[in-house]
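Proteins come first, then strands; the chains are lettered A, B, ... in the order of their sequence lines, and each starts at number 1.
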There are 2 protein chains.
Amino acid sequence: MSGGDGGAGGQVRARRADARRNEKALLDAAAAVFVASGVEAPVRDIAAEAGVGMGTIYRHFPTRADLVVAVYRHQIESCAEAGPALLASGPTPHAALGRWIDLFADFLVTKHGLAAVLRPDSAGFEALHASFLDRLVPVCAELLDAAVASGEIRERLSAYELLRAVGNLCIGDDQDPRYDARRAVRLLVAGLARPE
Amino acid sequence: MSGGDGGAGGQVRARRADARRNEKALLDAAAAVFVASGVEAPVRDIAAEAGVGMGTIYRHFPTRADLVVAVYRHQIESCAEAGPALLASGPTPHAALGRWIDLFADFLVTKHGLAAVLRPDSAGFEALHASFLDRLVPVCAELLDAAVASGEIRERLSAYELLRAVGNLCIGDDQDPRYDARRAVRLLVAGLARPE
DNA sequence: GACCAAGCGGAGCCCGGCTCCGATTGAGTC
DNA sequence: GACTCAATCGGAGCCGGGCTCCGCTTGGTC
């Protein structure tokens with residue numbers, strides 16, 4: 001209520017140098033560990049890799065999901081940016097949607113176990129879910145709308161549902177040579193096309 | 001090698017009455033707890049509900065997955081049996097496949113969290129995965145083959161892949177009102193149909 | 001009624017996420 | 001350069017969940 005830090009000229013003290021250094025170290029360490037052991041790697045391992053304590057990790061990233069989000073933020077961003085570009089350059093909106101979904105699926109599949117953790121109920125990963133989907137749902141909706149407008153598909157799935165479905169399909173693609181998530185995803189997108 | 005229990009007249013001593021009673025109690029308790037709290041309910045809860053100790057549960061069912069398999073065995077069985085029946089009575093093989101997949105999806109969706117645990121890597125649930133899929137893959141393959149033979153679809157997905165894909169799509173259908181797994185599943189099956 | 005292996009129960013181990021709090025240290029101040 | 005203190009650090013420890021271990025109990029048989 002009474003004033004507080006929001007007050008006039010309230011210059012927030014700059015973060016200490018070691019804090020900045022540690023955050024960088026943590027992001028690098030996490031990225032390395034995720035590649036080596038998958039996204040479900042224990043937090044302790046990441047702390048060890050970065051050479052910091054547990055407390056440090058949890059001050060910078062209140063939850064494991066926040067760390068994951070931070071590590072993949074710019075990749076999500078570039079995926080989001082690719083949407084409009086594909087729409088502009090693609091032959092048809094449905095083709096653009098297919099390519100964009102491929103991009104998304106590639107991203108999920110190449111990060112071991114990321115997809116499995118994208119569900120809203122996945123033991124504390126609501127934050128991850130929300131963060132990723134908030135950014136991507138509008139992009140997907142734009143592509144979907146364009147495809148509907150062009151008459152190529154009938155919209156039986158919302159953008160949210162489509163992304164969740166694709167996310168689900170990508171779960172466990174690694175660890176199981178008999179299952180190819182990308183093929184399933186392509187089939188799903190094909191099913192979107194107007195049948196008659 | 002040398003004879004062993006398979007030998008002539010090797011009568012195995014019958015299980016004690018209390019053991020049979022406890023197994024029954026455990027199955028009933030597990031079914032109840034799974035309905036109330038989902039398949040991921042703690043083993044301790046099931047033991048408590050059944051009024052037995054942890055040791056008892058783990059002697060009857062060496063792993064949580066074994067308990068889950070036992071609880072749902074007969075439902076899987078009847079799903080498997082429905083396959084040929086649908087094929088015989090359905091208008092076309094693809095329609096029969098669609099109905100059968102609906103049955104399977106219904107089964108997964110109504111058991112809270114079952115789908116999430118069907119993956120081969122899901123922390124010790126390989127047994128569940130194997131048990132369910134062993135029974136259902138041949139049935140699915142039969143339906144798929146018939147649909148391919150009739151020219152309705154081109155087989156771009158193996159029976160195993162299709163079942164995994166459907167299983168994945170069903171993950172987290174409860175807990176998220178914005179996501180309807182059945183719709184996604186129907187779309188996937190539609191995508192199976194020959195496009196041109 | 002005595003015997004004993006099958007069966008039981010639950011304390012306790014391990015693992016993984018997360019918290020708590022005393023020790024440490026960067027960076028303004030004099 | 002010494003001082004101060006809040007920001008930061010580190011890791012012991014809590015909690016919950018799967019699973020194990022082993023001494024106690026008991027059904028069934030002679």
Side-chain angles (χ1 to χ4, degrees), chain A residues 4-5 10-27 29-30 33-34 36-71 113 116-117 119 121-128, chain B residues 5 11-27 29-30 33-34 36-70 113 116-117 121-128:
Chain A
D5 55 4
Q11 180 70 24
V12 179
R13 185 186 287 268
R15 301 169 63 212
R16 271 166 43 171
D18 54 348
R20 244 172 299 125
R21 229 181 307 123
N22 273 328
E23 178 163 338
K24 176 78 167 59
L26 276 170
L27 285 173
V33 171
F34 289 165
S37 316
V39 176
E40 316 240 36
V43 176
R44 281 174 173 85
D45 291 0
I46 298 166
E49 171 80 20
V52 306
M54 296 290 298
T56 303
I57 244 186
Y58 278 97
R59 188 161 334 87
H60 287 286
F61 307 98
T63 207
R64 239 173 64 92
D66 294 317
L67 179 53
V68 176
V69 169
V71 167
V117 120
R119 308 176 277 138
D121 62 306
S122 182
F125 280 92
E126 297 80 10
L128 202 171
Chain B
D5 56 4
Q11 180 70 22
V12 178
R13 186 188 285 271
R15 303 168 63 211
R16 268 166 45 170
D18 54 347
R20 245 173 298 125
R21 229 181 307 125
N22 272 328
E23 179 164 337
K24 177 77 167 59
L26 276 170
L27 284 173
V33 170
F34 288 165
S37 317
V39 176
E40 316 241 36
V43 177
R44 282 172 171 85
D45 290 0
I46 298 166
E49 171 79 20
V52 306
M54 296 289 298
T56 302
I57 244 186
Y58 278 97
R59 188 160 337 87
H60 287 286
F61 307 98
T63 206
R64 240 173 64 92
D66 294 316
L67 180 53
V68 176
V69 169
V117 120
D121 61 306
S122 183
F125 281 91
E126 297 80 10
L128 203 171

Legend entry - Below 4.0 Å: OP1/OP2 of dC18(C) and any side-chain N or O of Tyr58(A): yes
Legend entry - Nucleotide of dG13(D), dC8(C), dC19(D) approaching Arg44(A) most closely (side-chain heavy atoms): dG13(D)
Inset, instruction - Report yes if a side-chain nitrogen or oxygen of His60(B) is closer than 4.0 Å to either non-bridging phosphate oxygen (OP1 or OP2) of dG7(C); otherwise report no. - result: no
Legend entry - Heavy-atom side-chain proximity of Ile46(A) to Glu49(A) below 4.5 angstrom: no
Inset, instruction - Write down the distance between CZ (Phe125(B)) and P (dG18(D)), rounded to a whole number of angstrom. - result: 8 Å
Inset, instruction - Answer with base, sugar-phosphate or nothing: what part of the nucleic acid does Ala50(A) contact at a heavy-atom distance below 4.0 Å? - result: nothing
Legend entry - Length of the line joining Ile57(B):CD1 and dG10(C):C1', which is rounded to integer Å: 13 Å
Legend entry - Lys24(A) NZ to dC9(D) P, straight-line distance once rounded to whole Å: 16 Å
Inset, instruction - Check whether any side-chain N or O of Thr56(B) sits under 4.0 Å from OP1 or OP2 of dG7(C), and answer yes or no. - result: no
Inset, instruction - Tell me which nucleotide among dC19(D), dG7(C), dG27(D) gets nearest to the side chain of Arg15(B). - result: dG7(C)
Inset, instruction - Answer with base, sugar-phosphate or nothing: what part of the nucleic acid does Arg16(B) contact at a heavy-atom distance below 4.0 Å? - result: base
Legend entry - Protein-nucleotide distance (Asn22(B), atom CG; dT25(D), atom P), rounded to Å: 17 Å
Inset, instruction - Please state whether the phosphate of dC8(C), meaning OP1 or OP2, lies under 4.0 angstrom from any side-chain nitrogen or oxygen of Arg59(B). - result: yes
Legend entry - Smallest separation among heavy atoms of Leu128(B) and Val69(B), with atom names: CA-CG2, 3.7 Å
Legend entry - Length of the line joining Asp18(A):CG and dA23(C):C1', which is rounded to integer Å: 14 Å
Legend entry - Heavy-atom closest contact (His60(B) atom, Ala19(B) atom, distance): CE1-O, 3.3 Å
Legend entry - Shortest side-chain distance from Ala19(A), nucleotide among dC19(D), dT8(D), dG7(C): dT8(D)
Legend entry - Gap between atoms CG and C1', on Asp45(A) and dG11(D) respectively (whole Å): 15 Å
Inset, instruction - Ignoring hydrogens and angles, tell me if any N or O in the side chain of Asp66(A) forms a donor-acceptor pair with the backbone of Thr63(A) under 3.5 Å. - result: yes
Legend entry - Selection from dG17(D), dG16(C), dC9(D) that lies nearest to any side-chain heavy atom of Pro42(B): dG17(D)
Inset, instruction - Could you pick out which residue, Arg21(B) or Gly53(A), lies toward the 5' side of DNA chain D when each is mapped onto its nearest nucleotide? - result: Gly53(A)
Inset, instruction - Mind checking the CD-OG1 spacing from Glu23(A) to Thr56(A)? Nearest 0.5 Å is all I need. - result: 11.5 Å
Legend entry - Phosphate-side-chain proximity, Thr63(A) and dC18(C), N/O vs OP1/OP2 below 4.0 Å: yes
Legend entry - Minimum-distance pair of heavy atoms, taken over all atoms of Phe125(B) and Val117(B): CB-O, 3.3 Å
Legend entry - Rounded distance (Å) that lies between atom C1' of dA6(C) and atom CZ of Arg20(B): 13 Å
Legend entry - Spacing between Phe61(B) atom CZ and dC8(C) atom P, to the nearest angstrom: 11 Å
Legend entry - Of Gly55(A) and Val43(B), the one whose closest DNA chain D nucleotide lies more 5': Gly55(A)
